[in-house]
Visitor: 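Got a structure here, written out as structure tokens. Questions coming.
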Amino acid sequence: MTQDTASRARPGARRVLERIGRLVLTYVALHAVTWAIIALIESSEDSFTDLMWAASGMLALVGIPTLLLALVAGLAHRHMETTTFRAALAFPMVFFAWPTIGGTWAAPVVFQVLCQIAFAAYLMPAPLVPENWTAKPSLEFVEKLLGET
């Protein structure tokens with residue numbers, strides 16, 4: 001195996017780290033925009049600054065589990081079609097929005113759930129390591145698999 005072939009077979013660490021960085025920055029930016037909208041919409045005795053401080057706490061409660069799930073699932077994603085992968089990842093990400101249920105308004109729940117769905121369905125880079133991704137199994141493979149069972 002030549003050096004050129006070996007370099008194409010393995011993903012570069014820099015490229016993978018760039019995609020992971022994009023994953024984190026995209027979610028943090030989306031979370032900040034979501035909570036800025038919540039702070040502007042909600043009419044409460046709390047100031048905009050107070051609600052943005054609450055948003056940083058929600059980033060710890062909602063964002064960290066979401067990012068860990070996206071990172072682990074994104075690195076493990078190798079064979080599933082990207083659309084199916086995003087759809088399968090959306091439900092667990094929506095589940096992580098449970099801390100917003102305890103609020104006195106409906107807007108945090110609604111907007112946080114929309115944030116989670118938007119991230120899973122559109123904004124999350126998938127797969128994180130495109131070099132290791134192979135397309136959906138061919139029909140012959142599926143027929144062979146079903147024929148052996």
Side-chain angles (χ1 to χ4, degrees), residues 3-139 141-142 145:
Q3 178 70 11
D4 187 42
T5 309
S7 66
R8 276 188 270 148
R10 292 186 312 244
R14 180 178 175 177
R15 182 153 188 237
V16 173
L17 289 176
E18 285 174 355
R19 290 180 70 88
I20 290 172
R22 182 176 148 216
L23 174 104
V24 172
L25 290 177
T26 301
Y27 184 80
V28 170
L30 181 64
H31 184 83
V33 167
T34 300
W35 278 88
I37 291 169
I38 291 170
L40 291 172
I41 288 176
E42 290 303 326
S43 58
S44 68
E45 64 277 352
D46 296 329
S47 68
F48 180 82
T49 308
D50 291 339
L51 287 174
M52 291 311 288
W53 276 110
S56 65
M58 292 308 289
L59 182 62
L61 289 173
V62 176
I64 290 174
T66 298
L67 287 171
L68 287 175
L69 175 66
L71 183 63
V72 170
L75 290 173
H77 173 226
R78 297 191 195 277
H79 301 290
M80 191 182 297
E81 184 180 16
T82 304
T83 306
T84 307
F85 172 74
R86 289 178 181 277
L89 203 56
F91 176 73
M93 284 188 179
V94 167
F95 177 72
F96 289 138
W98 69 267
T100 58
I101 293 172
T104 56
W105 317 295
V109 176
V110 171
F111 282 106
Q112 187 65 50
V113 166
L114 289 174
C115 170
Q116 301 292 89
I117 291 171
F119 181 69
Y122 301 110
L123 300 174
M124 184 180 84
L128 279 179
V129 187
E131 292 84 1
N132 291 344
W133 184 74
T134 57
K136 190 175 176 182
S138 66
L139 187 57
F141 174 75
V142 173
L145 185 65

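Computed from heavy atoms alone, side chains included, the values below leave out hydrogens, waters and symmetry copies. From a predicted model like this one, the values you see are computed outputs, not experimental measurements.
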Visitor: Indicate the atoms forming the closest heavy-atom contact of Met58 with Thr100, along with that distance.
Guide: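 Reported closest heavy-atom pair: CE-CG2, 3.3 Å.
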Visitor: Quick one: pull up CZ in Phe119 and NE2 in His31 and give me the separation to the nearest 0.5 Å.
Guide: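 Answer rounded to 0.5 Å: 12.5 Å.
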Visitor: Going from CE on Met124 to CG on Leu67, what distance comes out if it is rounded to the nearest 0.5 angstrom?
Guide: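 Separation between the atoms: 10.5 Å.
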Visitor: Heavy atoms only: give me the nearest Tyr27-Gly63 pair and the separation to one decimal.
Guide: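 Looking at all heavy atoms of both residues, the closest pair is CE2-CA, 3.4 Å.
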Visitor: What's the shortest heavy-atom distance between Glu42 and Ala107, and which atoms?
Guide: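 Heavy atoms of Glu42 and Ala107 come nearest at OE2-CB, 2.6 Å.
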Visitor: Nearest 0.5 Å, what's the CG-CD1 distance between Leu71 and Ile64?
Guide: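 Taking CG in Leu71 and CD1 in Ile64, the distance rounds to 12.5 Å.
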Visitor: Mind checking whether Pro108 and Trp35 have side chains closer than 4.5 Å, heavy atoms only?
Guide: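 SC-SC contact between Pro108 and Trp35 confirmed.
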Visitor: Could you report the tightest heavy-atom contact between Ala60 and Pro65, atom names first, then the distance?
Guide: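 Where Ala60 meets Pro65 most closely, the heavy atoms are O-CD, 3.8 Å.
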Visitor: Out of curiosity, Ile41 CD1 to Leu51 CG, how far, rounded to the nearest 0.5 Å?
Guide: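 Answer for the CD1-CG pair, Ile41 versus Leu51, is 11.5 Å.
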Visitor: Listed by chain and number, what are the side chain to side chain contact (heavy atoms under 4.5 Å, CB included) partners of Ala120, not counting sequence neighbours?
Guide: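 Ala120 satisfies side chain to side chain contact (heavy atoms under 4.5 Å, CB included) with Ala90, Met93 only.
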Visitor: Check whether any side-chain heavy atom of Leu69 lies under 4.5 Å from a side-chain heavy atom of Leu89, and answer yes or no.
Guide: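 The answer is yes, as the side chains (C-beta and beyond) meet within the 4.5 Å cut-off.
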Visitor: The criterion is side-chain hydrogen bond (donor to acceptor under 3.5 Å, both in side chains); which residues satisfy it with Ser47, sequence neighbours excluded?
Guide: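 Expected list: Asp50.
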Visitor: Run Thr34 and Gln112 through side chain to side chain donor-acceptor pair (under 3.5 Å) and show every step you take.
Guide: CA-CA 7 Å; Thr34 300; Gln112 187 65 50; 5.9 Å; no
Visitor: Looking at CG of Leu68 and CZ of Phe96, how far apart are the two atoms once the value is rounded to the nearest 0.5 Å?
Guide: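 It is 8.0 Å, given to the nearest 0.5 Å.
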Visitor: So how far is it from Leu123 CG to Arg22 CZ, rounded to the nearest 0.5 Å?
Guide: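 One finds 8.5 Å between CG of Leu123 and CZ of Arg22.
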Visitor: Which pair of non-hydrogen atoms, one from Leu30 and one from Cys115, has the smallest distance, and what is that distance?
Guide: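 For Leu30 and Cys115, the tightest heavy-atom pair comes out as CD2-O, 3.3 Å.
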Visitor: Quick check: are there more than 12 heavy atoms from other residues, nucleotides or ligands sitting under 6.0 Å from CZ of Phe48?
Guide: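 Yes.
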Visitor: Are side-chain heavy atoms of Phe111 and Val33 found at a separation under 4.5 Å?
Guide: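 No - every pair of side-chain heavy atoms lies 4.5 Å or more apart.
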Visitor: With the threshold set at 4.0 Å, does a side-chain nitrogen-carboxylate oxygen contact exist between Arg14 and Glu18?
Guide: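 Yes, charged N to carboxylate O under 4.0 Å.
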